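Okay, structure first, notes after.
Predicted model, so just to flag it, every value in this text is computed and none were measured. Numbered from 1 within each chain, the chains take letters A, B, ... in sequence-line order.
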Number of protein chains: 2
Amino acid sequence: MALADEAGLDGLSMRRLATELGVVPMALYKHVANKDELLDGIIDTVVSEIDLTPVEGDWKPVIRGRILAARQALLRHPWASGAIEARRNPTPAVMAYLDSIIGLFRAGGFGVDEVHHAIHALGSRILGFSQELFDDTPTDPDAQEQAAHAMAGTFPWLAEMALQVAHDEKTVVGSGCDDQFEFEFALDLLLDGFERLRKAG
Amino acid sequence: MALADEAGLDGLSMRRLATELGVVPMALYKHVANKDELLDGIIDTVVSEIDLTPVEGDWKPVIRGRILAARQALLRHPWASGAIEARRNPTPAVMAYLDSIIGLFRAGGFGVDEVHHAIHALGSRILGFSQELFDDTPTDPDAQEQAAHAMAGTFPWLAEMALQVAHDEKTVVGSGCDDQFEFEFALDLLLDGFERLRKAG
DNA sequence: CTCGATGGGTGTACGGCGTACACCTAGACC
DNA sequence: GGTCTAGGTGTACGCCGTACACCCATCGAG
């Protein structure tokens, strides 16, 4: 049923998925009320991949690990994070995940208010634009460098950063922005911040 | 043209917008190549509302102010942030905004790498779910409290937090989650983190 | 063994979407 | 007056989600 995770496509749906299953579109409606419900379903199966089994240890590494696990699950299904955000009310599995995170904070000695703020901080996108603002499709560094030079006049600082990235790409192996690193960087920054607040508070 | 900011609706478009302008749908295509280009257009007009005029002062309050200004602009047009995120490449105005932020960091003494990480941190949604995970449509506290109790069994920690929020709503005026406060909380946490890194760095 | 109910698949149809293509018109400019 | 062109028009196509009516195979009750 929710094995509809299949062909891994996102923007395409319902009629398409039906034919993919060798069935007429309307047949799907015998299993789900509408498309949203179907999406809720597959979202839940993805989120359920996150390992929520209790772990012993200090709150910080434990929470860190769980969030990174969630990230891994979402990375396995690139369309998922977008789908989750588009939903107006969270699905049960999402609730369960959130609940587990909150529980870890509470067990770590945080007060309810503190956790509340922490959850918001972890969930908010400060710039209002998401991390994937630039699609990090790996273009070759030289083209990137050229583009950077081209916009040096209008967007000097952006260009500077882009050049640095292009440079790194040519010297070190791997793609310019190490997304994983960036993610952990921001995560640790926040976790450290929470810790300081707790000690201070 | 981009005065299409009009009726403030989002999910509806093109044909709809055409009739709204008293014109046949295809007429729009004499001004924009396709719907995406139109969206890019209105996104740019929204983002252009952000005041990017140079400001004197310490980097932290200046950046803080600019980001909060951006937030105000996006809050004025609730559909905008979603639209921006959905776009694959940023529009010029978005680039200009990013550039200005990067510039402020650089002027504040940050190195290129540091700024790079900072930008990523500011832009990422750590949980993978956005802040508006729960639509904060103001429901009455009692109903909320009841719902919280109902899920206390399955999601104890979530319920605990929800109860606290419901309680606050009844005692203090204003809505339970002060979004503005939460936003500034996360923002300051990150800014403080950046500062410490720079001093350590 | 018949019979009704029921779960799942089918076919047709509607209204909405974005947009390709060919056409028309009113002014601007030589 | 003749040409060019920017902008508006009409028709049509293929996609989408889904409402509604139908059909059939299985199965438990009588």
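Residues passing the side chain to side chain contact (heavy atoms under 4.5 Å, CB included) test with Ala27(B), sequence neighbours excluded: Val23(B), Val24(B). Remark: Ser48(B) engages Ala93(B) in a side chain to side chain contact (heavy atoms under 4.5 Å, CB included) (not counting sequence neighbours). Evaluation of the ring-ring contact (aromatic ring centres under 6.0 Å, His included) rule for Phe110(B) yields Trp59(B), Phe105(B) as partners, not counting sequence neighbours. Asp40(A) meets the salt bridge (charged side-chain N to carboxylate O under 4.0 Å, His left out) test with Arg87(A); sequence neighbours excluded. Under the side chain to side chain contact (heavy atoms under 4.5 Å, CB included) criterion, Pro92(A) pairs with Asp44(A), not counting sequence neighbours. Here Lys60(A) pairs with Asp192(A), Glu195(A) under the salt bridge (charged side-chain N to carboxylate O under 4.0 Å, His left out) rule; sequence neighbours left out. Arg76(B) is linked by a side-chain hydrogen bond (donor to acceptor under 3.5 Å, both in side chains) to Glu49(B), counting only residues two or more places apart in sequence or in another chain. For Arg106(B), the salt bridge (charged side-chain N to carboxylate O under 4.0 Å, His left out) criterion is met by Glu160(A), not counting sequence neighbours. A search for salt bridge (charged side-chain N to carboxylate O under 4.0 Å, His left out) contacts involving Asp51(B) returns nothing, not counting sequence neighbours.
Note: CD (Glu37(B)) to P (dG18(C)) measures 15 Å, nearest angstrom. A straight line from CG of Leu17(B) to C1' of dT19(C) spans 15 Å, rounded to a whole angstrom.
Pro25(A) and Arg15(A) get closest at one heavy-atom pair: CG-CG, 3.8 Å.
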Contact list (N/O, under 3.5 angstrom) for nucleotides 5-12 of chain C vs protein:
{"residue": "dG9(C)", "atom": "OP2", "partner": "His31(A)", "partner atom": "NE2", "Å": "2.9"}
{"residue": "dG9(C)", "atom": "O6", "partner": "Lys30(A)", "partner atom": "NZ", "Å": "2.4"}
{"residue": "dT10(C)", "atom": "OP2", "partner": "Val24(A)", "partner atom": "N", "Å": "3.1"}

For nucleotides 26-28 of chain C, give me every protein contact, N/O to N/O, under 3.5 Å, one pair per line with atom names.
none

Write down the protein N/O and nucleotide N/O pairs, taken from nucleotides 15-17 of chain D, whose separation is under 3.5 Å; answer none if there are no such pairs.
{"residue": "dG17(D)", "atom": "OP1", "partner": "Lys35(A)", "partner atom": "NZ", "Å": "2.7"}
{"residue": "dG17(D)", "atom": "OP2", "partner": "Ser13(A)", "partner atom": "O", "Å": "3.0"}
{"residue": "dG17(D)", "atom": "N7", "partner": "Arg15(A)", "partner atom": "NH1", "Å": "2.1"}
{"residue": "dG17(D)", "atom": "O6", "partner": "Arg15(A)", "partner atom": "NH1", "Å": "2.9"}
{"residue": "dG17(D)", "atom": "O6", "partner": "Arg15(A)", "partner atom": "NH2", "Å": "2.9"}

